[in-house]
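Inspection log for the structure reproduced underneath, given as structure tokens.
We name chains A, B, ... by the order of the sequence lines, and we start the count at 1 in each one.
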Amino acid sequence: MQNWLFKSEPSEFSIDDLKQRGQRGELWDGVRNYQARNFMRDKMSVGDNVLFYHSSCKHVGVAGVAKVIETELIDPAQFDENSKYFDPKASHDKPRWFCVRIAFVSKFANLVSLQRLKAEASLRDIDLLKRGNRLSILPVSDTHWQIIESLSQRER
DNA sequence: GCCAACGTTGGC
DNA sequence: GCCAACGTTGGC
């Protein structure tokens, strides 16, 4: 079982939006970065844990927990000419983009802010905080997962 | 809105 | 295969 961190702009799709989807969850389509795609296509399993991170917004940080409920899905947006994720180089014979489906697990009572993460010495080497890391999907170690989860239960 | 840090594209 | 130009991400 692997842990991940998914970034999302809450103005586009927030932890509350995910909660509203309930058991059906949400198809994580539209990822157009090869490294992130490879994580989804090759490394994810049903049941994997996901930290749901709010980026590019007022309160940046980890907002809650989700889980992977379906894997090895072909991203339908690549074939949709009306989608901003349309990829003219993709074909049904040779799809280029893959995705997974995730579902809500919990929302943190207190968002674990980026500031808080940076202040935590034990998170010094988490990929999320490495200089210039703009990947929207990142693996998270068990140790880092536990630290962030414990931060979410602490008073700010 | 700015800008650093990339990833991607395309000419050569 | 190199690399300049361009586009995007994401914190501030």
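Side chains of A:R41 and A:Y34: a donor-acceptor N/O pair is absent below 3.5 angstrom, by distance only. Judged purely by distance below 3.5 Å, without hydrogens or angles, the side chains of A:W97 and A:D87 pair a donor atom with an acceptor atom.
Put simply, CZ on A:F6 is 17 Å from C1' on C:dT9, counting in whole angstrom units. One interatomic measurement links the two molecules: NZ of A:K130 to P of C:dG10, which rounds to 17 Å at whole-angstrom precision. Atom CD1 of A:I137 is separated from atom P of C:dT9 by 13 Å (rounded to the nearest Å). Rounded to a whole Å, the CG atom of A:D127 is 14 Å from the P atom of C:dG10. Across the protein-nucleic acid pair, A:N133 atom CG and C:dG11 atom P stand 11 Å apart, rounded to whole Å.
Between A:K7 and C:dG10 there is a side-chain polar atom (N or O) within less than 4.0 angstrom of OP1 or OP2.
Residues A:Q35 and A:K89 each lie close to DNA chain B; by heavy-atom proximity, the contact nearer the 5' end of the strand is made by A:Q35.
Between the CZ atom of A:R101 and the CG atom of A:L73 there is a distance of 7.0 Å, given to the nearest 0.5 Å.
Applying side chain to side chain contact (heavy atoms under 4.5 Å, CB included) to A:N3 and the options A:L51, A:D142, A:L138, A:D48 leaves one that passes, A:D142.
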Please list, for nucleotides 1-8 of chain C, all pairs of protein and nucleotide N/O atoms separated by less than 3.5 Å.
| residue | atom | partner | partner atom | Å |
| --- | --- | --- | --- | --- |
| C:dT8 | O2 | A:R134 | NH1 | 2.5 |

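In this structure, A:A66 and A:I102 approach most closely via the heavy-atom pair CB-CD1, 4.2 Å.
Aromatic rings from A:F52 and A:W4 are positioned such that their centres are separated by 6.0 Å or more.
Contacts with DNA chain C (heavy atom under 4.0 Å) in residues 48-63 of chain A: A:Y53, A:S55, A:S56, A:V60, listed by number.
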